[in-house]
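Heads up, the thing below is written out as structure tokens.
Here, residue 1 is the first one in the sequence, and each next residue gets the next number. Remember, predicted model here, so these are calculated numbers, not experimental data.
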Amino acid sequence: MATAVATKFRQEQSAFQRDLDTVEGFVGNTPLYPITKIWKSEKVKIFAKLEWQQLGGSVKARAAFNIICAALKSGELGGGKALLDATSGNTGIAYASLGARLGIPVTLVVPENISADRLRILRSLGASIVFSSPLESTEGARVLAKKLASDSPDKYFYADQYSNKNNWLAHYQGTAYELWQQTKGEISHFVAGLGTTGTFVGTSKKLKELNPSIKAIELQPQTSLHGLEGWKHLESADVPSIYKSSVADERLEVQSEEVYGLLRKVAREEGLLISPSAAANLLGAIKVAEGLEEGLVVTVFADDASRYGHLEEYYH
């Protein structure tokens, strides 16, 4: 019996590996877009990673893929277990997209007031949805997800993106190297907002190893009531355990009003329909660039506007 179970496990792992090898080519390696219309300078350049151009449609595809790969390799995931996590949307969509392709069931805990657009996408991809209190935001969803995992350890693999080192390692091992190669090592500043903090921590850590003179600037909303989905105001939120304050050279705050005012300008002048979080990153990058005499500033456009139906008013 033990031999049969072991054989079945090896066959399952082999099948997963074949699919992972295929999917890997559609995660990461996103293009670097020059911002040349709303920012013009001969000596200070701004570029943005178009992270929606990968399977799952956002920067979260990197972390989701890395988390899944590590869990399959360790045996924590597989054998019919469902991947379980709390999410405000983008990571959930990445999990669901990858889960559908890999044949892995996905259960997501989301606040009950999640946007209709994201809920529709998650359900279309076959994810099972569990609602948490709309009054407790993502923190409440995490508490409920942790309880579900504790109550049914044989049913779920709890991915816990806020505490899982494979979140930031996805950017340490991937995003940073892409930026280094795409800028031919000329990147001088990396600017990114804080959510799970994986993108900022992992990318900044590796870039500084490649060149210690590179400056890493973290962004957060000016207040706790900011409306920037996926972002955290660290002073008023639970700080993810993967966050490392020592990685940042500076922290800047962005105002939501300025962010939403930038959406139409980017659409009309740069030809991109971007999300509020992408606009917030660009706003931060511009603030950094304004203080430089020369340099190459890079940020990340986490996703585009396709998942934000309410943004239509800002484009008219």
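Applying the ring-ring contact (aromatic ring centres under 6.0 Å, His included) test to pairs two or more places apart or on separate chains, those with a residue in residues 171-214 are W168-Y172.
The side-chain hydrogen bond (donor to acceptor under 3.5 Å, both in side chains) search around S241 returns S163, not counting sequence neighbours. Every residue meeting the side-chain contact (heavy atoms from CB on, under 4.5 Å) condition with P34, not counting sequence neighbours, appears here in chain and number order: T36, F47. Legend: residues meeting side-chain hydrogen bond (donor to acceptor under 3.5 Å, both in side chains) with T91, ordered by chain and number and at least two apart, are Q161. Shown here are the side-chain contact (heavy atoms from CB on, under 4.5 Å) partners of K155, two or more places apart in sequence or in another chain: S152. Take E112 and apply the side-chain hydrogen bond (donor to acceptor under 3.5 Å, both in side chains) test, not counting sequence neighbours, and it matches no residue.
Using a 4.5 Å heavy-atom cutoff, the side chains of L169 and N164 are not in contact. Within the 4.5 Å cutoff, side-chain heavy atoms of L148 are placed close to those of Y156. Residues K45 and T183 fail the side-chain proximity criterion, which asks for heavy atoms closer than 4.5 Å. Contact of the L282 side chain with the I35 side chain is registered, since non-hydrogen atoms from C-beta on lie closer than 4.5 Å.
In this structure, the side chain of S97 engages the main chain of I93 through a donor-acceptor pair within 3.5 Å. Judged by distance alone, with hydrogens and angles left aside, the side-chain atoms of Q54 form a donor-acceptor pair with the main-chain N or O of G28 at under 3.5 Å.
Here the straight-line distance linking atom OH of Y162 with atom OG1 of T138 works out to 4.5 Å at 0.5 Å rounding.
The residue from T107, L98, L102, I68 that alone fulfils the side chain to side chain contact (heavy atoms under 4.5 Å, CB included) condition with L83 is I68. Among D238, D85, D160, the one residue that satisfies the salt bridge (Lys or Arg N to Asp or Glu O under 4.0 Å) test with R142 is D160.
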